[in-house]
Amino acid sequence: LQRRIRPSQGRPPSGKGRAGMTYLQTAEEANLRGNEALSAERLQEAVEYYTAGLSLPGGEKLHPVIFSNRSSAHAHLGLWKQALDDADSCIDLKPRWPRGHACRGAALEGLGRKSDALLCFQTASALD
């Protein structure tokens with residue numbers, strides 16, 4: 001099973017198929033490419049890779065990581081509601097992982113909900 005995505009900005013370093021399409025075979029590969037795109041500030045491309053990773057084989061165990069990474073990409077884009085939704089999905093899957101709570105705090109802060117954000121940051125700190 002392969003999934004094709006077309007990056008919106010730039011091109012990933014390898015694995016190109018026809019017409020610039022990138023073929024992804026595993027959720028781990030999609031997450032790694034999303035991380036590369038996020039580091040290079042190709043934010044929409046990172047979101048697309050993370051989204052693809054949620055439906056690829058092997059993704060179930062990586063879902064909390066992928067949701068937290070996509071939450072971060074959405075936050076960098078200023079898409080606070082999407083960042084919050086992904087942080088909540090991360091927390092639903094792995095409630096005792098500090099990173100999900102930190103992502104939720106960042107999203108809430110972006111939405112102007114500072115007191116709620118503070119509680120999330122405190123939870124993240126307590127879990128760390």
Using side-chain heavy atoms (C-beta onward) and a distance below 4.5 Å, is [X] in contact with [Y]?
X: Leu54; Y: Arg70; result: yes
X: Leu56; Y: Gln25; result: no
X: Tyr49; Y: Asn31; result: no

Let me check something: do [X] and [Y] share a hydrophobic cluster, defined by ILVMFWY side-chain heavy atoms less than 4.5 Å apart, either directly or through other members?
X: Val47; Y: Leu79; result: yes
X: Trp80; Y: Tyr50; result: no
X: Leu127; Y: Phe67; result: no
X: Ile66; Y: Leu38; result: yes

[X] and [Y]: which non-hydrogen atoms are nearest, and at how many Å?
X: Phe121; Y: Ala106; value: CZ-N, 3.4 Å
X: Ser71; Y: Ala83; value: OG-O, 2.8 Å
X: Ala102; Y: Ala124; value: N-CB, 3.8 Å
X: Leu93; Y: Pro64; value: CB-CG, 3.9 Å
X: His101; Y: Cys120; value: O-CB, 3.4 Å
X: Leu62; Y: Ala27; value: CD1-C, 3.9 Å

Exercise. Salt bridge (Lys or Arg N to Asp or Glu O under 4.0 Å) with Arg104: which of Asp85, Asp116, Asp88, Asp86?
Worked result: Asp88
For this session: Look at atom CD of Gln82 and say whether more than 12 heavy atoms of other residues, nucleotides or ligands are closer to it than 6.0 Å.
Result: yes
Problem set entry | More than 12 heavy atoms of other groups within 6.0 Å of His76 NE2 | no
Exercise. Taking Ser68 for the side chain and Val65 for the main chain, is one N or O donor matched with an acceptor at less than 3.5 Å?
Worked result: yes
